[in-house]
Asks: 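Questions regarding the structure given below will be posed in turn.
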Amino acid sequence: MGSPRRRPRPLLGLLVALAVLGVLELAAHLLPFPPSVKGIPLKPHPTRIWTLDESGEPLGFRVGPGGFRASAVEGPDGAPLVLTLGDSSVFGDGIPDGSTIHDVLAAELGRAGHPTRARTLAVPGYSTFQSRIVLDEAGWAMDPALLVVGNLWSDSKIEVLRDVDVAASLKEPAARVEWTLGRSALFRKARAWINVVLGRPPHRIVAWPDGHNGTVGIRRVPLEQYAANLEAILDGARERGVGVIVLTLTDRDSVYIGINPHDPARPYIRVQQEVARRRGVPVLEVREMFAAHANEELLKDHIHPSEQGSRLIGASIAEFLLAEGWPEVRPIPASAPPMAAPFDPFRTQRFAPNDVGKPGFLESL
């Protein structure tokens with residue numbers, strides 16, 4: 001009588017290894033990240049470069065499907081949808097749920113008898129390059145009635161690479177491997193703890209440039225591409241019958257000192273407003289909103305609105321929409337030929353040796 005058949009040992013070993021990995025992955029979802037430096041953890045994305053990391057440590061906000069910040073004010077099903085676009089200033093850096101621009105906007109419109117849903121597709125660090133991708137991948141399918149386009153700071157930011165270069169690098173094999181592994185909580189948390197042991201920040205963080213002392217930087221999105229991206233967003237809205245409001249953000253100096261014509265962000269502000277003007281959509285300037293409340297703390301740092309500032313922006317947008325006849329009246333962009341972007345005198349800049357990490361620390365070449 002023959003001996004019983006035994007399961008091949010290699011297969012048994014593989015099953016045991018998979019079971020162990022499954023247990024570790026489950027445990028990783030339950031274990032906390034190491035304490036982070038100030039910032040918002042991100043994870044790689046194959047087309048958008050990065051998204052919010054919904055499995056990270058509690059940061060005072062919730063992350064919903066698609067890697068976007070969830071809304072505290074949901075609004076009834078079937079109500080018109082407003083989407084906000086931009087970076088951390090629109091996303092609500094440090095602003096609790098319920099006080100963000102999109103939450104306040106929805107609450108104010110609902111209070112006025114016009115129930116509205118509001119969502120944000122803004123993510124810290126996002127440029128128009130990334131917002132275009134987000135609209136194509138997720139935003140347009142949400143069937144918005146209105147876009148609030150607030151992209152500005154991240155596009156004009158000086159870095160060592162352009163967004164288009166970073167996006168191209170995501171097609172490299174190493175980047176594909178990292179993105180695939182980055183889906184695993186075990187991988188992300190193990191890497192975070194290894195970074196701590198090596199003396200590095202535990203997370204990927206969107207912040208002002210660091211470590212580029214004395215080197216020459218370039219705009220993340222060149223001025224002419226910024227114009228083209230804005231035009232593409234507005235043209236996409238026109239084709240779909242979607243209204244648009246352009247939101248011009250402000251910095252602390254512009255509110256409390258005055259506009260500096262030599263500010264490196266000024267060419268981008270001028271292009272943003274000219275694109276809107278040529279397509280007949282309204283521009284709401286945050287500087288003007290804040291001017292009447294200059295005695296209040298409306299910015300929590302150089303560029304990010306405080307909770308009070310965020311509430312004022314959301315309420316001001318709602319007030320404008322109601323005055324224009326929302327929801328029946330929506331500012332749909334008109335058709336216009338592409339604009340020729342002006343010369344950007346700050347297109348390349350040198351990082352000043354003693355001021356790395358501070359807003360406005362760049363020297364023009």
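Just so we're clear, the structure is a prediction, and the values are computed from it rather than from any experiment.
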Asks: Within the 4.5 Å heavy-atom criterion, are Q273 and T248 side-chain neighbours or not?
Replies: yes

Asks: Is there a donor-acceptor pair under 3.5 Å between the side chain of R62 and the backbone N or O of A70?
Replies: no

Asks: Under 4.0 Å between a Lys/Arg side-chain N and an Asp/Glu carboxylate O for R162 and D165?
Replies: yes

Asks: Looking at S254 and R287, what are the two nearest heavy atoms and their distance?
Replies: O-NE, 2.9 Å

Asks: Just wondering, do P222 and R347 contact through their side chains at under 4.5 Å, heavy atoms?
Replies: no

Asks: Nearest 0.5 angstrom please: R117 CZ to H102 NE2, how far?
Replies: 13.5 Å

Asks: Does any N or O in the side chain of S156 come within less than 3.5 Å of the main-chain N or O of W153, such that one atom is a donor and the other an acceptor?
Replies: yes

Asks: Show the numbers, then the answer: is there a side chain to side chain donor-acceptor pair (under 3.5 Å) between T116 and H114?
Replies: CA-CA 6 Å; T116 301; H114 299 286; over 6 Å; no

Asks: Could you measure the distance from the CE atom of M142 to the CZ atom of R119? Nearest 0.5 Å is fine.
Replies: 6.0 Å

Asks: Please report the C-alpha distance between D251 and D263 in whole Å, then the side-chain angles of each, then the deciding distance to 0.1 Å, and finally whether the side chain to side chain contact (heavy atoms under 4.5 Å, CB included) criterion is met.
Replies: CA-CA 10 Å; D251 57 28; D263 184 343; 3.2 Å; yes

Asks: Can L146 be reached from L322 by stepping across I, L, V, M, F, W or Y side chains whose heavy atoms are under 4.5 Å apart?
Replies: yes

Asks: Working to the nearest 0.5 Å, report the span between CG of N229 and CD of E224.
Replies: 10.5 Å

Asks: Is it the case that the side chain of D103 and the backbone of G98 share a donor-acceptor pair, with hydrogens and angles ignored and the cut-off at 3.5 Å?
Replies: yes

Asks: Are I233 and L147 close enough that some pair of their side-chain heavy atoms sits under 4.5 Å apart?
Replies: yes

Asks: So which heavy atom on P333 is nearest to which on V242, and how close?
Replies: CD-O, 3.4 Å

Asks: Heavy-atom count around Q308 CD within 6.0 Å, excluding the residue itself: above 12?
Replies: yes

Asks: Any chance you could measure R252, atom CZ, to L298, atom CG, to the nearest 0.5 Å?
Replies: 9.0 Å

Asks: Set out, in order, the CA-CA distance, both residues' side-chain angles and the distance that settles side chain to side chain donor-acceptor pair (under 3.5 Å) for T128 and N151, then state yes or no.
Replies: CA-CA 6 Å; T128 51; N151 299 83; 5.7 Å; no

Asks: Tell me if a side-chain donor or acceptor on S127 pairs with a main-chain N or O of F129 at a distance below 3.5 Å.
Replies: yes

Asks: Going through the checks in order, is the side chain to side chain donor-acceptor pair (under 3.5 Å) test met by S99 and E307?
Replies: CA-CA 6 Å; S99 296; E307 182 174 347; 2.9 Å; yes

Asks: Do side-chain atoms of D155 reach the backbone of V221 as a donor and acceptor pair under 3.5 angstrom?
Replies: no

Asks: For the salt bridge (Lys or Arg N to Asp or Glu O under 4.0 Å) test, which of R278, R279, R132 pairs with D235?
Replies: R279

Asks: Are V73 and F68 linked, directly or through other ILVMFWY residues, by side chains that come within less than 4.5 angstrom of each other?
Replies: no

Asks: Check whether any side-chain heavy atom of L121 sits under 4.5 Å from a side-chain heavy atom of T84, and report yes or no.
Replies: no

Asks: Is any side-chain heavy atom of D93 closer than 4.5 Å to a side-chain heavy atom of K300?
Replies: yes

Asks: I want to check something: taking the side chain as every heavy atom from C-beta on, are P267 and P342 in contact at a cut-off of under 4.5 Å?
Replies: no

Asks: Assess the pair F61 and F91: is the distance between their ring centroids shorter than 6.0 Å?
Replies: yes

Asks: Membership question, hydrophobic clusters at under 4.5 Å side-chain separation (ILVMFWY): are I101 and I95 in the same one?
Replies: no

Asks: Check whether any side-chain N or O of S310 sits under 3.5 Å from a backbone N or O of S306 as a donor-acceptor pair, and report yes or no.
Replies: no

Asks: Assigning hydrophobic clusters by single linkage (Ile, Leu, Val, Met, Phe, Trp, Tyr; side-chain heavy-atom cutoff under 4.5 Å), is F346 placed with I259?
Replies: no

Asks: Does L109 form a side chain to side chain contact (heavy atoms under 4.5 Å, CB included) with L321? I'd like the steps, not just the answer.
Replies: CA-CA 9 Å; L109 291 174; L321 287 174; 4.2 Å; yes

Asks: Can you find a side-chain donor-acceptor pair between Q130 and R220 that sits under 3.5 Å?
Replies: yes

Asks: Kindly compute the distance separating CG (L83) from CH2 (W140), expressed to the nearest 0.5 Å.
Replies: 8.5 Å

Asks: Of the non-hydrogen atoms in P331 and P282, which two are nearest, and what is the gap between them?
Replies: CB-CD, 3.5 Å

Asks: How about E137 and T47: does a side-chain donor come under 3.5 Å of a side-chain acceptor?
Replies: yes

Asks: Count I, L, V, M, F, W, Y as connected when their side-chain heavy atoms are under 4.5 Å apart, and connections chain through other members. Are L85 and F320 then in the same cluster?
Replies: yes

Asks: With side chain to side chain donor-acceptor pair (under 3.5 Å) as the test, pick out the partner of E274 among R277, R270, Q272.
Replies: R277

Asks: Of all the heavy-atom pairs spanning L299 and F290, show the shortest one and how long it is.
Replies: CG-CE2, 4.0 Å

Asks: Please tell me if the side chains of H293 and L312 come closer than 4.5 Å, counting only heavy atoms from C-beta onward.
Replies: yes

Asks: Identify the two heavy atoms, one from E231 and one from V275, that lie closest to each other, and give their separation to 0.1 Å.
Replies: CG-CG1, 3.9 Å

Asks: Once rounded to the nearest 0.5 Å, what's the spacing between atom CG of L284 and atom CD1 of I313?
Replies: 10.0 Å

Asks: Minimum heavy-atom separation for A237 and V244, please, with both atom names.
Replies: CB-CG2, 3.5 Å

Asks: Using a 4.5 Å cut-off on heavy atoms from C-beta on, say whether the side chain of V148 contacts that of V82.
Replies: yes

Asks: Can any side-chain N or O of S316 pair as donor or acceptor with the backbone N or O of M289 at less than 3.5 Å?
Replies: no

Asks: Side chain to side chain contact (heavy atoms under 4.5 Å, CB included) for T120 and T100? Distances and angles first, verdict last.
Replies: CA-CA 9 Å; T120 188; T100 59; over 6 Å; no

Asks: Can you check side chain to side chain contact (heavy atoms under 4.5 Å, CB included) on E324 and I245, steps first, answer last?
Replies: CA-CA 12 Å; E324 292 294 306; I245 288 176; over 6 Å; no

Asks: Relative to W50, does R48 satisfy both conditions: NZ or CZ under 6.0 angstrom from the six-membered ring centre, and within 45 degrees of the ring's axis?
Replies: no

Asks: Go through the steps to decide whether S154 and D87 satisfy the test side chain to side chain donor-acceptor pair (under 3.5 Å), and finish with yes or no.
Replies: CA-CA 7 Å; S154 291; D87 56 20; 3.0 Å; yes

Asks: Applying side-chain hydrogen bond (donor to acceptor under 3.5 Å, both in side chains), which residue pairs with at least one partner in residues 238-247 are found, sequence neighbours left out?
Replies: none

